[in-house]
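Below is one structure; the comments refer to it alone.
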Amino acid sequence: MKIIPISLPTPFYIGPVNVYLIAEDPITLIDTGPKTKEANEALREGLRKARIRVSDIRRIVLTHAHEDHCGLARSLRDEAKDSQVLVHSWESGHRVGRLEYEEHRALLTRAGVPPGEIQRMRKMYEGVRKYADSFEADEYGELRDEEELEFSNGALRILHTPGHTPGSCSFLREADRTVIAGDCVLKRITPNPVLSPDPVDPSKRFASLAEYLVSLARLRSFAPTLVHGGHGEPVHDFEELFNRYFRAIRERQTEVIRLIPKTGTTAWEVAQQMFPGADDVHRFLAVSEAVAHLDLAHSEGKIALELGDGKEIYRPISAR
Ligand SMILES: [Zn+2]
Ligand SMILES: [Zn+2]
């Protein structure tokens, strides 16, 4: 069972995205790239090199539903008749009529983001939506943790590895401990735990960073020999990456705690201090990052959190 990486251009800051072809019965594509002419052409070129036609694809599997990964899923599915699309039920980015705007607005308001700023973020995300088609609820199947994607010659074990998004999944080939990890593992950057409503209780936010640390530890428990990420080169030394991520997360946490004045502060204010020049999508990602680290510090009892005026105010423990 050969895993064939295909790199596709994206219009996003992160650069090219990796999708993975498994040219084994049933022919499977893991992630699809964004809905752009350039990505579509590069994908077809990659398939052609592997002597596969779009119409041969029987299964489209999504590591998660960000536009750079799921954008072409619908048009590929329509072209490859009867092919199946699979995604974890905690993912929402691919769904028609998702309610997330309201839920996100509530989360951002609680994080202290000013209304005008939320409006800007919303506009920006609406702009990004054009890079992906949506699915009706009955048009995709579910990826379930610990189940297997079977092939005529081998299998991939589905691992639910939440953190970057609630429904992020990785895929393990046990024979040689190779993992396809989507944006859970990226060689050059620490993946952003994106601010999301909790899929079980959308009025709460998803404990993205705490979940992410569990996912990383779970991947580590398989002692992977090779990890294919959603962007950039594959990772051969997962142990080194694991330690580097943990160090980076701890350092960032220390920095975040240091930014909290005795009088208390919001995640928005912390984000402004951490990433003063952040623009565009990075303003949302900055808030995501601040919230993720503040949440983790709070869950570990390192800082206090109270609600004041509809906003969450973080305070150093010593000031109480
Ligand atoms: Zn992503
Ligand atoms: Zn990505």
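One-based numbering, in listed order, for ligands and for the atoms of each.
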Indicate the atoms forming the closest heavy-atom contact of V17 with G33, along with that distance.
CG1-CA, 3.9 Å
Of all the N, O or S atoms in H66, which has the shortest distance to the Zn ion (ligand 1)?
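The closest N, O or S atom of H66 to the Zn ion (ligand 1) is ND1.
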To 10 degrees, how wide is the angle OD2 (D183) to the Zn ion (ligand 2) to NE2 (H69)?
100°
Only to 10 degrees, please: what angle do the OD2 atom of D68 and the NE2 atom of H231 make about the Zn ion (ligand 2)?
80°
Could you check whether the rings of H228 and Y20 sit parallel, tilted or perpendicular, using 30° and 60° as the cut-offs?
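Plane angle between 30° and 60°, so tilted.
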How are the rings of H64 and H164 set to each other: parallel, tilted or perpendicular (split at 30° and 60°)?
perpendicular
Are the side chains of I60 and Q84 in contact, using a 4.5 Å heavy-atom criterion?
no
If you round to 10 degrees, what value do you get for the angle at the Zn ion (ligand 1) between H164 atom NE2 and H64 atom NE2?
110°
